[in-house]
Amino acid sequence: MSEILVLYYSHRGSVRALARQIARGIDSVAGATARLRTVPRVSAVCAASEPPVPAAGAPYVEETDLAQCIGLALGSPTRFGNMAAPMKYFWDSTAAQWTAGTLAGKPACVFTSTASAHGGQESTLLSMMLPLLHHGMLLVGLPFTERTLSSTRSGGTPYGASHLAGAEGNPTLSDEERELALAQGRRLATIALKLAAR
């Protein structure tokens, strides 16, 4: 099986719910399988603030995950229209992979969650694309051929799957959000397999 890395940071569970749905979309494509990974929280304190292995959920990402994947789905909650600090911290540490071209030519997509409808979903998705472009990755969006993209009243953008969690941080995805996350996973897997077969 060819593995596609689904790398995310989730503070209250919404981005994790999207990651799992995208993974289901990846797994639905014959020959592809999703590898779920996360990043640890960061702290203003200089000492380690997280255990070396998460207590629950996906394992922390490692260099080998980047090298072994044939594609990447990247997710983070929105922090003032940008990715959360733990995800930014991770990407700031990937200079060796950038120099080696580890991710160059591999397809990638992005996904996010916000508390409010105008809370920066699209700017977060766009900002998450920047390190991927520097790594030479090929960005995959959600085209409007996905009819749900035109009718959703919750999350979903042409830049990537998204979730509207509300002020309470509800991680339950709407039907439209689930459908678009599945579609994004399928689309990424299909493209990744075609590129890997070259």
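Separating the CD atom in E122 from the CG atom in L125 is a distance of 7.5 Å, to the nearest 0.5 Å. Note: I191 CD1 to L138 CG = 9.0 Å, rounded to the nearest 0.5 Å. Summarising the geometry, atom OG belonging to S14 is positioned 7.0 Å from atom CG belonging to N170; distances are rounded to the nearest 0.5 Å. Atom NE2 of H118 and atom CG of L164 lie 9.5 Å apart (nearest 0.5 Å). Going from atom CD of E168 over to atom CZ of R12 covers 7.0 Å, rounded to the nearest 0.5 Å. Distance check, rounded to the nearest 0.5 Å: CG of N82 to CE of M128 gives 9.5 Å.
Judged purely by atom type and a 3.5 angstrom limit, T78 has no side-chain atom pairing as donor or acceptor with the backbone of G81. The closest donor-acceptor contact from the side chain of T124 to the backbone of G120 lies under 3.5 Å. R186 places no side-chain N or O within 3.5 Å of a backbone atom of I26 that could act as its donor or acceptor partner. T38 places a side-chain N or O within donor-acceptor distance of the main-chain N or O of Y8, the cut-off being under 3.5 Å. Put simply, the side chain of Q184 gets close to the backbone of A161: a donor and an acceptor are under 3.5 Å apart. A distance-only check finds no donor-acceptor pair linking the side chain of S76 to the backbone of M83 [under 3.5 Å]. Judged by distance alone, with hydrogens and angles left aside, the side-chain atoms of D65 form no donor-acceptor pair with the main-chain N or O of R37 at under 3.5 Å.
Tracing side-chain contacts under 4.5 Å through hydrophobic residues (I, L, V, M, F, W, Y), one reaches M129 starting from V39; they form part of the same cluster. Cluster membership check: V29 shares its hydrophobic cluster with L36, using side-chain heavy-atom separations under 4.5 Å among Ile, Leu, Val, Met, Phe, Trp and Tyr. A continuous path of ILVMFWY side-chain contacts below 4.5 Å connects L5 to F90, so both sit in one hydrophobic cluster. Linking ILVMFWY side-chain heavy atoms closer than 4.5 Å, directly or via other members, places L142 and L139 in two distinct hydrophobic clusters. Residues L66 and I4 do not share a hydrophobic cluster, clusters being chains of Ile/Leu/Val/Met/Phe/Trp/Tyr side chains in contact below 4.5 Å.
A 4.5 Å side-chain heavy-atom check between H135 and T94 finds at least one atom pair inside the cut-off. Contact of the F111 side chain with the I22 side chain is registered, since non-hydrogen atoms from C-beta on lie closer than 4.5 Å. Side-chain contact between P107 and L188 is present, with heavy atoms from C-beta onward closer than 4.5 Å. At least one side-chain heavy atom of L72 sits less than 4.5 Å from a side-chain heavy atom of L132. Contact of the I70 side chain with the E3 side chain is not registered, since no non-hydrogen atoms from C-beta on lie closer than 4.5 Å. Considering only heavy atoms from C-beta on, R187 stays 4.5 Å or farther from E146 through its side chain. Looking at heavy atoms from C-beta onward, L74 lies in side-chain contact with M87 at the 4.5 angstrom threshold.
With Q121 as the partner, the side-chain hydrogen bond (donor to acceptor under 3.5 Å, both in side chains) test is satisfied by one option alone out of S113, S116, S162: S162. Across E177, R178, Q21, a single residue satisfies side-chain hydrogen bond (donor to acceptor under 3.5 Å, both in side chains) together with H163, and that is E177.
In E63, the CD atom is not crowded: 12 or fewer heavy atoms of neighbouring residues, nucleotides or ligands sit closer than 6.0 Å. Counting non-hydrogen atoms of neighbouring residues, nucleotides and ligands closer than 6.0 angstrom, the CZ atom of F80 reaches no more than 12 such neighbours. Around atom NZ of K88, no more than 12 heavy atoms belonging to other residues, nucleotides or ligands sit under 6.0 Å away. Counting non-hydrogen atoms of other residues, nucleotides and ligands closer than 6.0 Å to CZ of R79 gives a total above 12.
Taking both residues in full, the closest heavy atoms of P77 and T112 are given as C-OG1, 3.7 Å, listed atom of the first, atom of the second, then distance. Residue C69 comes nearest to K106 through the heavy atom pair O-NZ, 2.6 Å, listed as atom of the first residue, atom of the second, then distance.
At a cut-off of 3.5 Å, with distance as the only test, no side-chain donor of T148 or E176 sits close to an acceptor on the other residue.
Separation of the H134 and W91 ring centroids does not fall under the 6.0 Å cut-off.
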